[in-house]
A.B. asks: 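First the structure, which I've put down as structure tokens, then a few questions once you've had a look.
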Amino acid sequence: MTATDTPLPGVSGTPATFESLDPRTGDVVGTHPVHDADAVAAAVARAEDAAQWWASLGFPERRRRLGEWRKALVRRIDDLARVVTEETGKPIDDARLELVLAIDHLDWAAKHAERVLGRRMVLPGALMSNQAASVTYVPIGVVGVIGPWNYPVFTPMGSIAYALAAGNAVVFKPSELTPGVGVALADSLAEIVDGRALFQVVTGFGETGASLCRAPGIGKISFTGSTATAKRVMATCAERLTPVVIECGGKDPMIVDADADLAAAADAAVWGGMSNAGQTCVGVERVYVLDAVAEEFIAKVVGTARTLRSGSTGDYGPMTSPAQVDVVRRHVEDALGRGGRAMVGGPESVQQQFIEPVVIVDVPEDSTAVTEETFGPLLVVNRVPDVAEAVRRANATGYGLGATVFSKNRGEEIATQLRCGMVAINGVISFAGVPSLPFGGVGDSGFGRIHGADGLREFTRPQAVARQRFPLPIAVTSFRRSSRGMKALLGVVRLRYGR
Ligand code: NDP
């Protein structure tokens with residue numbers, strides 16, 4: 001059962017409501033309840049029951065049902081994409097692409113959960129060779145997912161699909177800007193869960209998210225959003241020692257080596273920087289290009305970026321969040337004020353709610369356009385003398401989410417020097433589309449992982465079991481042990497580890 005626009009069962013009174021808007025027009029596209037602490041607690045309590053039922057089904061049956069959900073998502077792809085477009089303003093094909101990737105991840109998580117999480121035997125070691133040792137990864141129970149608005153399907157599904165495949169129930173708090181997407185997602189699951197509250201949505205503002213963090217039945221919070229909010233989420237979760245996965249923003253660099261395919265690198269830089277109006281946590285925000293190829297690379301970037309248009313029917317849509325427009329304007333002004341040169345656009349490109357592409361070169365490294373997440377269609381391109389300097393600058397921010405490297409011969413070598421969670425070589429954002437790869441950052445970009453085997457394990461707790469198969473001739477964990485037994489054990493240790 002999913003939470004919808006009606007009050008949650010068990011909660012009396014009519015809740016306050018809020019409206020979600022189409023950022024292209026300002027039109028109201030939906031009205032949703034503001035779920036308060038009681039409503040959130042009721043949802044979590046219902047999810048606890050659903051979690052027990054879901055866990056009891058076992059891997060094969062969960063896989064079958066998640067396969068049915070996958071098919072339902074494919075059937076509804078256009079309807080869901082329309083809701084995404086209405087609430088974010090992004091082009092419908094971008095919304096479809098987001099859904100395609102989410103479906104692929106769901107499929108992977110459902111098919112690999114048993115292999116990754118099922119009981120497996122491990123070697124007990126020489127001293128405990130009388131034990132049969134095994135590990136299993138058991139579901140946590142109820143996972144609270146708090147999501148952002150920029151990829152309102154793909155991003156939260158990186159937690160939701162993996163948490164469900166691991167045997168948990170989910171209560172999801174979408175961004176206040178994209179509540180309708182959350183509700184539509186949960187509705188799409190309804191037919192496979194026999195009316196159980198396996199995946200519910202609670203809507204509202206920050207306080208609703210905070211209530212989810214506080215709810216007693218929550219086993220883990222998976223948060224995606226800004227670093228500032230992540231700190232508040234962690235402080236709230238600390239009250240109950242609730243564990244968290246934190247996926248925050250980034251200031252992702254791209255390094256363009258002297259031997260790179262410059263046409264492909266320029267295309268990737270512009271797509272990575274401008275698609276979704278630059279509102280991509282792993283989007284390209286800064287490019288470090290080697291002096292030897294800088295002129296040619298910049299010319300290609302400029303040529304492509306100049307052809308792009310923002311607009312309701314443009315190459316990319318509006319800024320989804322009105323507040324972000326000011327951040328982009330501030331970064332453009334700071335970069336230019338400190339001596340950066342605008343090659344495409346400028347301050348006049350930043351309009352409420354649409355921002356045309358901006359490319360600025362030779363921006364001082366202490367500009368906010370280089371140090372802070374812009375989350376808009378602004379690309380900073382700086383020249384560097386060599387790869388070592390590119391790596392040094394790439395690693396110089398507090399963030400460490402993703403990175404891109406264009407190099408024919410040194411891609412992997414450069415990647416290993418980058419302080420971040422993911423690297424795309426000769427492609428852009430490609431790691432996010434590979435379901436078997438873990439996704440997450442370091443430093444201000446957060447910790448913990450979604451996607452892949454690590455992402456499945458993130459929503460479980462390991463349980464270790466050691467079963468004695470036969471007693472050892474030397475018993476040392478008993479009050480009846482003898483000094484002869486200890487001497488024999490020390491003899492074995494000296495022989496095995498002392499030489
Ligand atoms: P925010 O941090 O503003 O909000 C994220 C979510 O947290 C929203 O659902 C928000 O609700 C909720 N929230 C706000 N306050 C609280 C609180 N006190 N307790 C609990 N929950 C709260 O981020 P945005 O929505 O603006 O998303 C943009 C950010 O997300 C960018 O920094 C971007 O880089 C990052 N991001 C990271 C990704 C990753 O995987 N690493 C992927 C996508 C985005 P409400 O909206 O109602 O305020």
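Both ligands and their constituent atoms are indexed starting at 1 by order of listing. The first residue in the sequence is number 1, and the count goes up from there. As the structure is a computational prediction, the values presented were derived from the model and not from experiment. Keep in mind that the numbers below use all heavy atoms, side chains included, and drop hydrogens, waters and symmetry copies.
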A.B. asks: Should Glu373 be counted as touching ligand 1, given the test is an N or O pair under 3.5 Å?
C.D. replies: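 Checking ligand 1 against Glu373, an N or O pair does fall under 3.5 Å apart.
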
A.B. asks: If we check side chain to side chain contact (heavy atoms under 4.5 Å, CB included) with Ile298, which of these qualifies: Val287, Val256, Val361?
C.D. replies: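 That would be Val361; it is the only one of Val287, Val256, Val361 passing the side chain to side chain contact (heavy atoms under 4.5 Å, CB included) with Ile298.
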
A.B. asks: Output the list of atoms in ligand 1 that are nearer than 4.0 Å to some heavy atom of Cys281, sorted by atom number.
C.D. replies: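 Reading through ligand 1 atom by atom, the close ones are 34 (O), 36 (N), 37 (C), 38 (C), 39 (C), 40 (O), 41 (N), 42 (C), 43 (C), 44 (C).
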
A.B. asks: Identify the protein heavy atom lying closest to atom 27 (O) of ligand 1, giving its residue, its atom name and the separation to 0.1 Å.
C.D. replies: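 Going atom by atom, the protein heavy atom closest to atom 27 (O) of ligand 1 ends up being Pro148 CB, 3.2 Å.
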
A.B. asks: Between Glu372 and Arg330, does any NZ, NE, NH1 or NH2 come within less than 4.0 Å of an OD or OE carboxylate oxygen?
C.D. replies: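 Salt bridge flag = yes for Glu372 with Arg330.
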
A.B. asks: Below 4.0 Å, non-hydrogen atoms only: which portion of Tyr151 touches ligand 1? Side chain, backbone, both or neither.
C.D. replies: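 Neither part.
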
A.B. asks: Counting heavy atoms only, which of Ser445, Gly250, Gly225, Gly249 comes nearest to atom 29 (C) of ligand 1?
C.D. replies: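 Considering heavy atoms of Ser445, Gly250, Gly225, Gly249, the nearest to atom 29 (C) of ligand 1 sits in Gly225.
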
A.B. asks: Only heavy atoms count here, so choose which of Arg214, His451, Glu176 is nearest to atom 45 (P) of ligand 1.
C.D. replies: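 Selected option, by shortest heavy-atom distance: Glu176.
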
A.B. asks: For Cys248, take its heavy atoms, then give the atoms of ligand 1 lying under 4.0 Å from any of them.
C.D. replies: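 Reading through ligand 1 atom by atom, the close ones are 37 (C), 38 (C), 39 (C), 41 (N).
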
A.B. asks: With a 4.0 Å cut-off, would you call Asp444 and Lys251 a salt bridge?
C.D. replies: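 So Asp444 does not pair with Lys251 through a salt bridge.
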
A.B. asks: Any carboxylate oxygen within less than 4.0 angstrom of a Lys/Arg side-chain nitrogen, looking at Asp315 and Arg309?
C.D. replies: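 Salt bridge absent between Asp315 and Arg309.
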
A.B. asks: Atoms of ligand 1 less than 4.0 Å from Ile146 heavy atoms?
C.D. replies: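 Selected atoms, number and element: 6 (C), 7 (O), 9 (O), 12 (C), 20 (C), 21 (N).
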
A.B. asks: Over all heavy atoms of both residues, which pair between Glu373 and Gly249 is shortest? Give the atoms and the distance, please.
C.D. replies: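 Here Glu373 and Gly249 meet closest at OE2-CA, 3.3 Å.
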
A.B. asks: Check each heavy atom of Asn150 against ligand 1 and say whether those closer than 4.0 Å belong to the side chain, the backbone, both or neither.
C.D. replies: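 The side chain, only.
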
A.B. asks: Within ligand 1, which atoms have a heavy atom of Ser175 less than 4.0 Å away?
C.D. replies: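 So the answer, numbered in order with elements, is 9 (O), 46 (O).
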
A.B. asks: What atoms of ligand 1 come closer than 4.0 angstrom to any heavy atom of Ala210?
C.D. replies: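 Under 4.0 Å from Ala210, ligand 1 has these atoms: 19 (N), 20 (C).
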
A.B. asks: Could you tell me whether the side chain of Asp36 and the main chain of Asp38 form a donor-acceptor pair under 3.5 Å?
C.D. replies: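 Confirmed, Asp36 side chain pairs with Asp38 backbone.
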
A.B. asks: Go through ligand 1 atom by atom and flag the ones less than 4.0 Å from a non-hydrogen atom of Gly209.
C.D. replies: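 Near Gly209, meaning under 4.0 Å from one of its heavy atoms, ligand 1 has 19 (N), 20 (C), 21 (N).
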
A.B. asks: Is it true that Lys173 and Glu207 have a side-chain N and a carboxylate O under 4.0 angstrom from each other?
C.D. replies: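 Answer for the salt bridge query: no.
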
A.B. asks: Tell me yes or no: between the side chains of Thr320 and Lys90, is some donor less than 3.5 Å from an acceptor?
C.D. replies: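 Per modelled atom types, Thr320 and Lys90 side chains form no pair under 3.5 Å.
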
A.B. asks: Looking only at heavy atoms, is any part of Pro174 under 4.0 Å from ligand 1, and if so is it the side chain, the backbone, or both, or is it neither?
C.D. replies: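 The answer is the backbone.
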
A.B. asks: Does the N or O separation between Thr155 and ligand 1 drop below 3.5 Å for any pair?
C.D. replies: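 Such a contact does not occur with ligand 1.
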
A.B. asks: Under 6.0 Å from the CD atom of Gln352, do we count more than 12 heavy atoms belonging to anything else shown?
C.D. replies: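 Atom CD in Gln352 is crowded, with more than 12 foreign heavy atoms closer than 6.0 Å.
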
A.B. asks: I'd like to know if the side chain of Gln279 and the backbone of Gly376 have a donor-acceptor N/O pair within less than 3.5 Å.
C.D. replies: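 Checking the backbone N and O of Gly376 against the side chain of Gln279, no donor-acceptor pair under 3.5 Å is found.
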
A.B. asks: With heavy-atom distances below 4.5 Å as the criterion, would you say the side chains of Phe439 and Val282 are in contact?
C.D. replies: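 Contact flag for Phe439/Val282 side chains = yes.
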
A.B. asks: Should one rank Leu401, Asp252, Thr229, Val245 by closest heavy-atom distance to atom 1 (P) of ligand 1, which comes out on top?
C.D. replies: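 Residue with the shortest heavy-atom distance to the ligand atom: Thr229.
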
A.B. asks: Tell me, please: is Gly204 in heavy-atom contact with ligand 1, that is, under 4.0 Å?
C.D. replies: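 Judged by the 4.0 Å heavy-atom criterion, Gly204 does count as contacting ligand 1.
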
A.B. asks: Can you report which non-hydrogen protein atom sits closest to atom 10 (C) of ligand 1, along with the distance?
C.D. replies: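 Ranked first by proximity to atom 10 (C) of ligand 1 is Lys173 NZ, 3.9 Å.
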
A.B. asks: Using only atom types and a distance under 3.5 Å, with no angle test, would you say the side chain of Asn276 pairs donor to acceptor with the backbone of Asn150?
C.D. replies: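 Looks like yes, one N/O pair under 3.5 Å.
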
A.B. asks: One thing to verify: whether Glu114 and Arg62 come together as a salt bridge, which I'm taking to mean a side-chain N less than 4.0 angstrom from a carboxylate O.
C.D. replies: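 Judged by the 4.0 Å cut-off on N to carboxylate O distance, Arg62 and Glu114 do not form a salt bridge.
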
A.B. asks: Heavy atoms only: which of Phe18, Tyr399, Phe439 is nearest to atom 40 (O) of ligand 1?
C.D. replies: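 Residue with the shortest heavy-atom distance to the ligand atom: Phe439.
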
A.B. asks: Could you check whether any heavy atom of Thr224 sits closer than 4.0 Å to an atom of ligand 1, since that is the contact criterion I want to use?
C.D. replies: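 Under 4.0 Å: yes for Thr224.
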
A.B. asks: Out of Gly441, Gly440, Gly147, indicate the one that has the non-hydrogen atom closest to atom 8 (C) of ligand 1.
C.D. replies: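 That would be Gly147.
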
A.B. asks: List the closest protein heavy-atom neighbour of atom 17 (C) of ligand 1: residue, atom name, distance to the nearest 0.1 Å.
C.D. replies: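 Minimum-distance protein heavy atom for atom 17 (C) of ligand 1 reads Gly206 O, 3.5 Å.
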
